[in-house]
Amino acid sequence: MGKKSRTIMIILLAFLLLIVIGVVWFLRWTNPDFASSLEGVKRNQVTRKLIICVDGVPWRTINQLWEKGHFKAFHRPSKVIVAFPTMTNVTSTVIWNASRVAGYESAYFDKEKNLMVSGVGKYLHKRVIEPGDFHQHFDYLEPIPYESTTYVLPRRICKSDLKRFIEAYSISEKEEFCTFIKSTDGMMHILGKEGAEEILLVIDDMLDKIYHSRKDDMEIMLFSDHGFNFAKSRRVKLKSLLKSSGFDVRNDLRNEKSVVLPSFGLVGFAAIYTAEDNKRKIAQQVPALEGVDFSAYRKDDALHIFGQEGEAKILKKTVNHTELYKYEIITGDPLSYKDILESLTRLGKADKEGYIPDSDWFEATKDHPYVDALNRLYQAFSGQVESEADILISLKDGYFHGNALFSVIATILGTHGSLLDTNSVGFFMSTAKEAPSHIRDNQLIDYLK
Ligand SMILES: [Zn+2]
C-alpha cells in the first residue's frame, strides 16, 4: 500500500469512527425507555405544583380522551383560544406575557436588516435565553438538537424527552416545577391523530404515577400552546402564483417587484413582505389559489380581509377603556360572520357607527370556526412580532406552506398555523380546580399562578 492510499485509508477510518461515536451518542441521549426512570419520581416530595405544557395538543383530542375516562385526576379541560398565527413562538409569548419574538418561526425575514435569518443555524447553537423570553419559565426544556430530529424519529425523541423530564423532576427541590414538552408536536405532524392519542396515553400514565407518588397532595396543570388539525396535508403553491403574477420572490426587498416569502416549517399560514403598493394586489389574488382560506393586510387603522368571495374590513376603537370592533362586509364575508353581525346588531350591541364591544364578539364567536377572529387578526397586525408581515395568509385544513425540501422528506398528517378553530383551540386542565369553559391566551397566566 502506498503512502497516499494509507493516508486516505486513515482518513476514512477516522471518519467512520466519528460517525459511530455520533450514532452511539445520539442513541444514548435519545433512549426512549423511561419506565425505569418513572420509579424515581417518588424521590421528589417537595414539588407542590407541576405545570406542563404539551406542544400543540388540541382541546378536541384531550377532551375526547377525558370523556372516555382518561386523565382521571383532572377536572374538565377548558378551551384556550390562542393568537394567530397559531405558532408556538407567537402563542407562548402571549400566554407567558413575555417579550415579543423576532419572527413567527426560527427562520424569518428581518425587516430592519432586510435579510432572511436561517432557521437551520439555530439548531447548531446552544439555546440562548434572553431575559423576558418565555423559555425562562421552564425548569426542564428539550435540548435544541432534538427539536428538529423529533420530525424524523418522533416516537424515540418524544419518549426520551419525557424520560429527561422525569429525571429532572425526580431530583428537583423546587416547590413549583414547570416544563414544556415540545416533542408532542413531532408526534402529531408525522403520526397524526393516532400519534397524538398514543403519546397522550403515555403522558396520562406518567402523570398518574407522579400524582399518586405524592398521595394526591399536589396540583398538576396540563395545557397546550395551540391547536392542531389532523388532515393529511398538501403544499400550496404560493411562490409559483407570486412569480406568475410578475413578482420577484427573493430573500430581500430590492425593488418595487420584490416579495419575500419565508418558507420553513410545514404550517398553515404564510407571511409575505413587500412594498406598500403591492399589499392590496397580492392580498386580492392569493385567495384564488387552492388551499388558501383568506389573506389579510393592514392599511392605516383598517384591516382588509380577502376570501374567495370578496372583501371585508375590520376596524377597532377604544371608548372609556372598552375595546370595540367593527366588521364591515364590503364585497364578501370571508369570516362567515354575517349572521352573528346581524344578530348582535338586532340585540342592540352595535353603536351608531356599527362598532360592537370586544367581549360581545368573543361570546358570539368563541365556538365559531373563525373563533375570536376580529381580536386575533387585529393583534396580529399590531406589533405581535418584531418583523411583522405585510400580508398574512391563513390556509384551509389539509394544506400547508413551507420548505420544499422538508415537504419531500416527510408526509404531513396534520399541522397548525391557520386561524381556524382546529388550529387555534388549545386546552388547560388542572387536578385542583375547574377553569371557565373558554379562556383567552392572555388570561391563562391567571390560572397557572
Ligand atoms: Zn408544529
Side-chain angles (χ1 to χ4, degrees), residues 52-62 80 82-95 101 103-108 119-120 122-123 134-135 138 141-142 144-155 157-158 161 180-200 203 223-236 262-271 291 385 392-403 405-407 409-427 441:
I52 303 177
C53 176
V54 278
D55 194 328
V57 174
W59 171 83
R60 205 181 299 240
T61 307
I62 204 88
V80 177
V82 301
F84 169 71
T86 46
M87 302 293 296
T88 293
N89 266 357
V90 178
T91 59
S92 294
T93 300
V94 182
I95 287 170
V101 286
Y104 303 100
E105 294 181 90
S106 50
Y108 66 95
V120 178
K122 186 196 112 171
Y123 293 118
F134 70 85
H135 289 101
F138 307 120
L141 192 57
E142 178 182 45
I144 268 192
Y146 308 123
E147 265 190 37
S148 48
T149 41
T150 185
Y151 302 100
V152 185
L153 295 165
R155 269 194 196 89
I157 299 297
C158 196
D161 196 15
F180 184 18
I181 302 297
K182 266 190 157 183
S183 47
T184 46
D185 193 60
M187 284 294 289
M188 300 194 298
H189 280 286
I190 307 299
L191 302 172
K193 191 164 192 279
E194 283 173 21
E197 287 175 355
E198 180 187 320
I199 204 66
L200 286 169
I203 292 172
F223 75 100
S224 65
D225 57 346
H226 54 78
F228 204 91
N229 74 78
F230 294 108
K232 191 172 176 192
S233 303
R234 280 186 289 162
R235 191 155 172 266
V236 288
S263 306
F264 189 61
L266 310 180
V267 292
F269 88 101
V385 296
L392 280 170
I393 294 166
S394 188
L395 303 181
K396 294 176 179 165
D397 288 354
Y399 294 88
F400 64 79
H401 163 71
N403 185 295
L405 179 68
F406 295 169
S407 61
I409 298 170
T411 304
I412 293 300
L413 293 187
T415 192
H416 55 94
S418 88
L419 186 121
L420 287 168
D421 59 343
T422 39
N423 298 240
S424 305
V425 185
F427 76 95
D441 48 5

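Here, residue 1 is the first one in the sequence, and each next residue gets the next number. All ligand and atom numbering here is 1-based and tracks the order in the structure.
With F230 as the partner, the side chain to side chain contact (heavy atoms under 4.5 Å, CB included) test is satisfied by one option alone out of T415, D397, T61: T61.
S263 and N403 are not linked by any side-chain donor-acceptor pair at a separation below 3.5 angstrom, with hydrogens and angles left out of the test. A donor and an acceptor atom, one from each side chain of D55 and T184, are nowhere located under 3.5 Å apart.
With sequence neighbours left out, I52 forms a side chain to side chain contact (heavy atoms under 4.5 Å, CB included) with L50, V54, F165, T179, I181, L207, L222.
Of all protein atoms, those that are N, O or S and lie under 2.8 Å from the Zn ion (ligand 1) total 4.
Aromatic ring orientation, F134 versus F180: perpendicular (interplanar angle above 60°, classes split at 30° and 60°).
Between F269 and H416, a ring centre-to-centre spacing not shorter than 6.0 Å is recorded.
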